[in-house]
*Asks:* 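Mind looking over this structure? Questions follow.
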Amino acid sequence: GEKPPLRARALLLAACQANQLACAEPEYGHFTHALLEVVDTPNLSYKAFYRQVRRKFAGRSTQSPFWWLAGPGSLAFPDEDAFQP
């Protein structure tokens with residue numbers, strides 16, 4: 001049968017690329033730690049949020065966060081305010 005059209009937008013932020021392992025820290029992984037440091041920053045778009053998280057990986061050649069978009073309207077999605085209803 002036919003599949004219904006995809007109506008959802010999705011943004012995947014992952015701790016590392018498919019060919020990498022996520023680095024651990026004492027309490028959280030490095031990605032989670034970076035995300036928690038950035039998440040309360042006001043007025044960030046998803047794109048700016050990701051850039052700030054990614055900056056926390058400067059100098060780490062073994063791990064770099066991954067960004068993936070899908071769904072209709074996904075080209076405008078990165079510029080929307082992050083985590084707003």
Side-chain angles (χ1 to χ4, degrees):
E2 286 187 42
K3 293 181 183 178
L6 179 64
R7 290 190 270 185
R9 292 181 294 179
L11 170 60
L12 168 68
L13 300 177
C16 59
Q17 305 292 315
N19 64 341
Q20 299 173 331
L21 295 175
C23 299
E25 303 227 346
E27 192 170 336
Y28 304 110
H30 187 69
F31 179 76
T32 302
H33 186 72
L35 190 134
L36 290 172
E37 287 181 352
V38 174
V39 75
D40 289 331
T41 306
N43 304 318
L44 287 181
S45 66
Y46 286 104
K47 188 186 312 181
F49 175 80
Y50 174 73
R51 284 182 183 150
Q52 285 198 17
V53 168
R54 191 169 167 91
R55 276 189 211 130
K56 299 200 177 284
F57 286 78
R60 286 183 176 258
S61 61
T62 59
Q63 181 182 356
S64 56
F66 179 72
W67 161 285
W68 181 78
L69 283 169
S74 61
L75 293 179
F77 193 31
D79 295 317
E80 292 181 10
D81 289 341
F83 309 112
Q84 297 301 311

*Asks:* Locate the shortest heavy-atom distance separating F77 from A10; write the atom from each residue and the value.
*Replies:*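 Nearest heavy atoms, F77 then A10: CE2-C, 4.3 Å.
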*Asks:* Can you list the residues that meet the side-chain hydrogen bond (donor to acceptor under 3.5 Å, both in side chains) rule with E37, with sequence neighbours excluded?
*Replies:*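 Once residues adjacent in sequence are excluded, the partners of E37 under the side-chain hydrogen bond (donor to acceptor under 3.5 Å, both in side chains) criterion are H33, K56.
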*Asks:* Residues in salt bridge (charged side-chain N to carboxylate O under 4.0 Å, His left out) with D40, at least two apart?
*Replies:*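 D40 satisfies salt bridge (charged side-chain N to carboxylate O under 4.0 Å, His left out) with no residue once adjacent residues are dropped.
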*Asks:* Output every pair passing salt bridge (Lys or Arg N to Asp or Glu O under 4.0 Å) with a member in residues 70-79, not counting sequence neighbours, ordered by first then second residue.
*Replies:*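 As it turns out, the salt bridge (Lys or Arg N to Asp or Glu O under 4.0 Å) pairs with a partner in residues 70-79, which skip direct neighbours, are K47-D79.
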*Asks:* Tell me every residue that passes side chain to side chain contact (heavy atoms under 4.5 Å, CB included) with L36, counting only those two or more places apart in sequence or in another chain.
*Replies:*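 Testing L36 for side chain to side chain contact (heavy atoms under 4.5 Å, CB included), a comparison that skips the adjacent residues, returns Y28, T32.
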*Asks:* What's the shortest heavy-atom distance between Q63 and C16, and which atoms?
*Replies:*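 Closest approach of Q63 to C16, heavy atoms only: CG-CB, 3.8 Å.
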*Asks:* On a heavy-atom basis, which atom in Y46 and which in L11 lie closest, and how many Å separate them?
*Replies:*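 Closest pair (atom of Y46, atom of L11, distance): CD2-CD2, 3.6 Å.
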*Asks:* Quick one: side-chain hydrogen bond (donor to acceptor under 3.5 Å, both in side chains) partners of Y50, sequence neighbours excluded?
*Replies:*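 For Y50, the residues satisfying side-chain hydrogen bond (donor to acceptor under 3.5 Å, both in side chains) (neighbours in sequence not counted) are R54.
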*Asks:* Residues sharing L21's hydrophobic cluster, by side-chain heavy-atom contacts under 4.5 Å among ILVMFWY, directly or via others?
*Replies:*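 Hydrophobic cluster check, L21: no partners found.
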*Asks:* With heavy-atom distances below 4.5 Å as the criterion, would you say the side chains of F83 and V39 are in contact?
*Replies:*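 With C-beta onward as the side chain, the pair touches.
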*Asks:* Could you go through F66 and L13, starting from their C-alpha distance and side-chain angles, then the distance that decides it, and tell me whether this counts as side chain to side chain contact (heavy atoms under 4.5 Å, CB included)?
*Replies:* CA-CA 6 Å; F66 179 72; L13 300 177; over 6 Å; no
*Asks:* Check side chain to side chain contact (heavy atoms under 4.5 Å, CB included) between A24 and all other residues, then give those that pass, not counting sequence neighbours.
*Replies:*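 Scan of A24 (side chain to side chain contact (heavy atoms under 4.5 Å, CB included), adjacent residues dropped) gives none.
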*Asks:* If the condition is side chain to side chain contact (heavy atoms under 4.5 Å, CB included), which residues does T62 pass it with, not counting sequence neighbours?
*Replies:*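 Once residues adjacent in sequence are excluded, the partners of T62 under the side chain to side chain contact (heavy atoms under 4.5 Å, CB included) criterion are C23.
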*Asks:* In chain order, what residues pass the side chain to side chain contact (heavy atoms under 4.5 Å, CB included) check against L35, with sequence neighbours excluded?
*Replies:*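 Side chain to side chain contact (heavy atoms under 4.5 Å, CB included) list for L35, sorted by chain: F31, F49.
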